[in-house]
Each structure stands twice: as C-alpha cells, then as structure tokens.
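The block underneath contains the structure these notes are about, expressed in structure tokens.
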Amino acid sequence: GLTHPLRAKFGSLLAAQMVYPAAISLDDETDWCAIMKALSAINQTTGGTLYVAGMYLINRTITLPQKVSIIGDGWSAERNADNSNYTPPTGSGFILRAGSDCDMFRQSATPTNRASYYFAGFFLNGRGNEQTSSVIPDPDNPGKVLPGNDRNIYQYDRNGFYLRSLTNTFFVNVRCQNMRGAGWVFDGATSPLNLGNVFLVDCSAYNCRTYCVDVAGGSTDVRFYGGDYGFGKVSDIRLGYSSTMFNVTCWTSQCQDITDAATHATGGCKPAYSMFSPSGWAGKNCPSCVFSRSTPCCIVLSHPCCWPV
C-alpha cells in the first residue's frame with residue numbers, strides 16, 4: 001500500500017515500458033503497472049485468475065479483460081463505537097493514490113461481448129477525500145451537468161467498479177469504501193450489448209459520494225444476497241428493474257459527505273430521505289426501516305416494498 005513510482009527504479013519511460021508495457025509516466029505506480037501486465041497476459045489466453053495478497057497502490061484505472069477472476073485473502077474494517085465511521089480496510093485490496101481522480105476498475109470503452117467475472121475477498125479504498133470530482137455530462141444534452149437528469153446529475157468518474165456489459169458475474173465478499181463516486185456502477189443504459197445476471201454476495205460499501213451501488217437504466221437482474229451498505233450520499237442503493245434483495249442491511253444515507261470535512265469529521269447526518277432510490281420500482285421506502293446511524297435496516301425479498309412495479 002506504499003507508493004513505489006517507476007522513477008525510483010527506471011531512468012527513462014522507455015526503459016520502464018520494456019518491463020511494464022502499460023506504463024504511461026514514470027510517476028505511475030509499480031503496483032498498477034504490474035497488475036496491468038498480469039491482466040494482459042491473462043487476456044492473451046482463454047481467461048485466468050489473478051490472486052492478490054496484501055495492499056496495492058494504484059494511480060490509474062485497472063482495465064479488465066473479458067474473462068478474469070480476481071481473488072484475495074479477505075479484508076477487515078472496524079466500525080467506530082458510535083457507528084459514525086469505519087477504519088480504512090486492511091488485508092487484500094487496492095488503494096487509489098491521492099489525486100488520481102479515476103475509476104478504480106473498468107471494462108474497456110467498447111466491449112465486444114458480455115464479460116463474465118468472478119471477484120472475491122478484497123477491498124477497494126478510493127480515498128475519496130483526496131480526489132476531486134468531475135461531473136460526466138448528460139449524453140443526451142452534453143452542455144447540461146446540473147440537476148434535471150436523473151441518471152447523470154450525480155455521476156462522477158471516480159467509482160470503484162464501472163461496468164457496462166456483463167453476464168454471469170459474481171462479487172463475493174468485496175468491499176468498496178470512501179469513493180468519490182459510487183462503489184459499483186452497473187451502467188446498462190449506455191451499453192451497446194446488455195448487462196444482467198450479476199450477483200453481489202456478502203459484499204459491502206460505505207461512505208460513497210453518490211451511491212454505494214448504482215444499478216442504472218438498462219441493467220437487469222442485479223441480485224443482492226446478504227451484505228452491508230451504508231452512508232451513500234445520494235442513497236445507499238439505486239435499484240434497477242427486476243433487481244433482487246435478500247437479507248441486505250442498509251444504513252442511513254445522506255451521511256458522511258466525504259467532500260465536506262466538517263460533516264465527515266463529526267459523523268453528522270442530514271435528514272435521511274432514502275436508503276433506496278428506486279428506478280423502475282415502487283417509489284416508496286420500506287415502512288419498517290429505521291433511519292438511524294446505529295440501527296440497520298434489514299430488507300427481505302418478501303416485503304411488499306421490494307416488489308418491482
């Protein structure tokens with residue numbers, strides 16, 4: 001998790017690229033370059049698994065090939081006694097270097113077919129208070145980035161995972177924390193193909209500037225089984241059509257704005273109005289939810305508020 005820029009080992013960018021072809025600058029982190037080299041080798045085969053142990057500091061987006069598994073040794077993060085914050089996660093994971101201002105994991109810009117991934121046992125720490133925001137313009141109205149478009153008003157390209165074309169993809173015990181954007185963005189709306197049949201099993205996200213999980217328009221069959229999501233600035237989870245939730249714990253949204261030092265330091269909350277931001281769902285919250293930083297809300301599939309319209 002410490003910084004190891006290429007310039008500490010190489011005298012020129014050309015020399016660095018002989019070892020790490022993905023290198024763009026001598027300021028690039030060696031961890032990022034090594035991960036990209038490993039994924040490139042996997043991409044030249046029919047798929048494979050990248051095993052990660054320990055913490056890796058990255059300064060650029062990790063671009064995912066079509067078929068890859070990433071498996072870590074697990075992670076841990078402790079909640080403060082007053083539930084106002086978590087300690088930074090430790091164990092197997094990826095940390096975004098201050099000032100990097102990018103998504104941490106992303107598919108290629110123009111996927112040629114739907115990818116299948118398996119991710120398990122690691123964390124992403126976006127260090128959101130050390131990144132800056134850049135609003136993505138509304139694609140239907142490029143000059144408009146202010147309130148008025150449901151999907152783009154809060155979209156920042158500072159997310160943990162940004163994925164557009166998926167099928168049969170599993171996230172198991174994966175955590176996203178301190179994101180300047182969202183923990184996960186499943187963006188089927190801009191996909192030239194399709195996004196669906198995605199499973200989040202015992203995953204968690206905490207303290208995200210937009211959503212913990214954003215299931216954007218066009219994404220179907222994103223399924224949550226277990227897990228813990230909390231302190232999403234807009235809402236914890238934005239649900240897409242035909243999403244499934246079973247035994248999922250959500251904490252109050254509108255808390256812990258990581259761009260507001262005073263709010264972040266005190267753990268203060270604005271009045272909570274939604275743990276969920278339904279998209280294609282009934283526009284109401286679960287009536288049994290308790291909006292409190294100290295009391296979780298457990299939503300089960302059979303509850304009336306969890307049926308899609």
### Query
Would you say Tyr162's side chain and Ala182's backbone share a donor-acceptor pair under 3.5 angstrom?
no

### Task
Can you measure from CG (Leu13) to CE (Met18) and round to the nearest 0.5 angstrom?
12.0 Å

### Task
Applying side chain to side chain donor-acceptor pair (under 3.5 Å), run through Thr90 and Ser76 and close with a yes or a no.
CA-CA 6 Å; Thr90 59; Ser76 64; 3.2 Å; yes

### Task
Could you check if a side-chain atom of Phe105 sits within less than 4.5 angstrom of a side-chain atom of Leu64, using non-hydrogen atoms only?
yes

### Query
Is it true that Tyr118 and Phe171 have ring centroids separated by less than 6.0 Å?
no

### Task
Of all the heavy-atom pairs spanning Gln131 and Ser100, show the shortest one and how long it is.
OE1-N, 2.9 Å

## Note on the structure
Looking only at heavy atoms, the pair that brings Asp101 and Arg158 closest together is O-NH1, 3.0 Å

### Query
Are any of the side-chain heavy atoms of Cys203 and Tyr229 separated by less than 4.5 Å?
yes

### Query
Under 6.0 Å between the ring centres of Phe94 and Phe122?
yes

### Query
What pairs of residues pass the side-chain hydrogen bond (donor to acceptor under 3.5 Å, both in side chains) test when at least one of them lies in residues 3-14, not counting sequence neighbours?
Thr3-Glu29, Arg7-Asp27

### Task
Please assess Asn178 against Asn207 for the test side chain to side chain donor-acceptor pair (under 3.5 Å), listing each intermediate value before the final yes or no.
CA-CA 5 Å; Asn178 297 332; Asn207 209 17; 3.1 Å; yes

### Task
Please state whether the rings of Tyr225 and Phe199 are parallel, tilted or perpendicular, taking 30° and 60° as the class boundaries.
parallel

#### Entry: Partner set under side chain to side chain donor-acceptor pair (under 3.5 Å) for Ser204, not counting sequence neighbours
Arg175

### Task
Identify the residue among Thr169, Leu166, Val198, Asn197 that makes a side-chain contact (heavy atoms from CB on, under 4.5 Å) with Val222.
Val198

### Message
Suppose we screen for side chain to side chain donor-acceptor pair (under 3.5 Å). Which residues come up paired with Asp31, at least two apart in sequence or across chains?
### Response
none

### Query
Can a salt bridge be assigned to the pair Asp28 and Arg60 using a cut-off of 4.0 Å between side-chain N and carboxylate O?
yes

